[in-house]
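Reading through the structure tokens given below for one structure.
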Amino acid sequence: MISFKCKNCGGEMSVDSSGALVCEYCGGKSFFADKELTVYKEFRKQMLNYLRGIHDEKAEGDKNEDYLWDSAEETQVETSDGETVTIRYLYSYEDGCATVYLTRNNALFVFGSSDKASADKMQTGIGMLSFPPADVKGLNECFPRLNGRYELAGGGVMLAFARSENLFPLPMFGSLSPEHVAWIISRLENIGCVLNYSDMVHGGISEEAIWINPFNHHAVLMGHWWSASKSIPGKSILGNPDLKGLRQTAIKVLGIHKNEAPKEMIKFLEDRPSPDAFQDFEKWDKVIENGFGGRRFAKMNVNF
């Protein structure tokens with residue numbers, strides 16, 4: 001899928017509800033050329049038809065991503081030993097100091113030579129994670145799993161992280177209704193508890209850092225790991241940045257659907273986070289009970 005850069009500041013632009021391209025950084029607006037609009041709409045239609053299809057009970061066992069890859073693009077990188085690697089990708093975006101590509105089996109993070117240290121920090125950050133001895137919920141699957149590191153010509157680095165089928169970057173979905181944002185919040189609360197257990201702060205929870213599978217309500221905190229650090233005792237009095245990031249992300253993803261959300265949900269998102277993720281999760285559980293009538297599985301319904 002094509003991506004769009006702001007002419008003013010170079011930031012990644014997203015499509016708002018009116019169809020305009022809006023820069024999240026400087027507020028600049030632009031509009032699709034006819035050719036760009038056709039390409040974007042066609043890909044978006046294929047994407048949403050695919051998402052609807054995987055929730056059709058008659059198609060669940062047979063539906064796969066194959067036909068989506070008719071819209072794939074290609075780019076190339078050269079490794080330090082002279083090998084040319086062709087990247088066939090469905091979607092790409094900028095996540096801070098890396099260009100990220102959604103490929104068939106991987107999430108590829110490509111760092112330029114000036115950001116090689118960030119690639120090292122990303123690996124170090126992920127390596128700080130620890131999990132409870134009895135991880136019955138499989139929380140380790142909510143975090144990146146490195147498939148390989150490749151040194152690039154010119155001093156850059158490419159990190160390849162495993163991507164399961166139907167796992168896509170959250171920005172691809174646009175604004176979502178409250179019931180879907182609710183399960184994303186639940187997954188982020190789980191992730192926050194692991195970070196808390198690991199005595200660390202991710203420091204970059206945002207829409208761009210999160211990948212989701214709408215079919216099984218799974219989420220992975222895939223990006224921005226170069227900001228991770230160990231927790232500093234006593235610093236939580238200033239507020240947990242991960243719990244703040246969770247709230248900011250949820251409000252952004254709600255977008256035009258914010259007015260449809262239960263008042264308990266909005267109060268939770270606008271209130272100050274709890275001192276730690278475990279207390280915050282308990283508070284969120286009450287929102288699920290009182291605002292949504294308890295936990296239930298809601299099939300994704302995305303409209304174009």
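What you see below is based on every heavy atom in this structure, not just the backbone, and it leaves out hydrogens, waters and symmetry mates. The structure presented is a predicted model; accordingly, all values stated were derived computationally and were not measured.
Cation-pi geometry between Arg88 and Tyr101 is not met at under 6.0 angstrom from the ring centre and within 45 degrees of the axis.
His202 places no side-chain N or O within donor-acceptor distance of the main-chain N or O of Leu221, the cut-off being under 3.5 Å. Panel note: side chain Tyr91, backbone Pro169; no donor-acceptor pair is recorded below 3.5 Å. Here the side chain of Asn196 pairs no donor or acceptor atom with the backbone of Asp276 at under 3.5 angstrom. Proximity of a side-chain donor or acceptor of Lys263 to a complementary backbone N or O of Gly291 within less than 3.5 Å is not detected. Under a 3.5 Å cut-off, the side chain of Asp242 and the backbone N or O of Gly203 do form a donor-acceptor pair. The main-chain N or O of Glu270 is never found under 3.5 Å from a side-chain atom of Arg247 such that the two would form a donor-acceptor pair. Listed for the Arg149 side chain is no donor-acceptor partner under 3.5 Å among the backbone atoms of Val157. Under the 3.5 Å distance criterion, the side-chain polar atoms of Asp95 are matched with a main-chain donor or acceptor of His224.
With respect to the salt-bridge test (charged N to carboxylate O, under 4.0 angstrom), the residues Lys283 and Glu189 do not qualify. Taking 4.0 Å as the cut-off between side-chain N and carboxylate O, Lys121 and Asp115 do not count as a salt-bridged pair.
When the side chains of ILVMFWY residues are joined at heavy-atom separations under 4.5 Å, either directly or via intervening members, Leu246 and Val201 end up in two distinct hydrophobic clusters. Cluster membership for Phe281 and Leu243, using ILVMFWY side-chain heavy atoms within less than 4.5 angstrom, is not shared. By the rule that hydrophobic residues join a cluster once side-chain heavy atoms approach within less than 4.5 Å of another member, Phe131 and Leu146 end up as members of one cluster. Using a 4.5 Å cut-off between side-chain heavy atoms of Ile, Leu, Val, Met, Phe, Trp and Tyr, with links allowed through other members, Tyr197 and Met128 fall into different hydrophobic clusters.
Within the 4.5 Å cutoff, no side-chain heavy atoms of Gln248 are placed close to those of Ser206. Side-chain contact between Val100 and Val110 is absent, with no heavy-atom pair separated by less than 4.5 Å.
Within the model, atoms CD1 of Ile184 and CZ of Phe173 stand 8.0 Å from one another, a figure rounded to the nearest 0.5 Å. Atom NZ of residue Lys252 and atom CD of residue Glu207 lie 4.5 Å apart, to the nearest 0.5 angstrom. Distance CD1/Ile212 to CE/Met222: 12.0 Å, rounded to 0.5 Å. Here the straight-line distance linking atom OG1 of Thr249 with atom CD1 of Ile185 works out to 9.5 Å at 0.5 Å rounding. Taken from CG in Leu102 to CG in Leu108, the straight-line distance is 9.0 Å, to the nearest 0.5 Å. Leu159 CG to Trp225 CH2: the interatomic distance, rounded to the nearest 0.5 Å, is 13.5 Å.
Closest of all the heavy-atom pairs between Gly204 and Ser227 is N-CB, 4.5 Å. Summarising the geometry of Ala98 relative to Phe111, their closest heavy-atom pair is CB-CE2, 3.6 Å, with the distance given to 0.1 Å. Of all non-hydrogen atoms in Arg163 and Arg104, the two that sit nearest each other are NH1-O, 2.8 Å. Minimum heavy-atom separation, His218 to Leu167: CD2-CD1, 4.4 Å. The heavy-atom pair separating Ala160 from Asn106 by the smallest distance is CB-OD1, 4.0 Å. Taking each heavy atom of Ala228 and Gly125 in turn, the nearest pair found is CB-CA, 3.8 Å.
Other residues, nucleotides and ligands contribute only 12 or fewer heavy atoms inside 6.0 Å of the NZ atom of Lys267. Heavy-atom neighbours of Arg145 CZ from other residues, nucleotides or ligands within 6.0 Å: at or below the threshold of 12.
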Stepwise, does the side chain to side chain contact (heavy atoms under 4.5 Å, CB included) test hold for Lys116 with Glu151? CA-CA 9 Å; Lys116 185 174 183 178; Glu151 304 297 325; 3.3 Å; yes
Would you please test Thr86 and Gln76 for side chain to side chain donor-acceptor pair (under 3.5 Å) and show each step? CA-CA 4 Å; Thr86 298; Gln76 293 182 331; 3.2 Å; yes
Take Cys142 and Val194 through the side chain to side chain contact (heavy atoms under 4.5 Å, CB included) test and state the conclusion after the steps. CA-CA 10 Å; Cys142 295; Val194 172; over 6 Å; no
Is there a side chain to side chain contact (heavy atoms under 4.5 Å, CB included) between Asp199 and Lys230? Walk through the geometry before answering. CA-CA 6 Å; Asp199 292 324; Lys230 296 301 288 186; 4.2 Å; yes
Going through the distances and angles, do Val181 and Met265 end up as a side chain to side chain contact (heavy atoms under 4.5 Å, CB included)? CA-CA 10 Å; Val181 177; Met265 182 183 197; 3.7 Å; yes
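Applying the side chain to side chain donor-acceptor pair (under 3.5 Å) criterion to Trp226, with sequence neighbours excluded, gives no partner residue.
Under the 3.5 Å distance criterion, with hydrogens and angles disregarded, no donor-acceptor pair is assigned to the side chains of Glu78 and Thr84.
With respect to Leu254, the side chain to side chain contact (heavy atoms under 4.5 Å, CB included) criterion is satisfied by exactly one of Ser177, Ser175, Pro178: Pro178.
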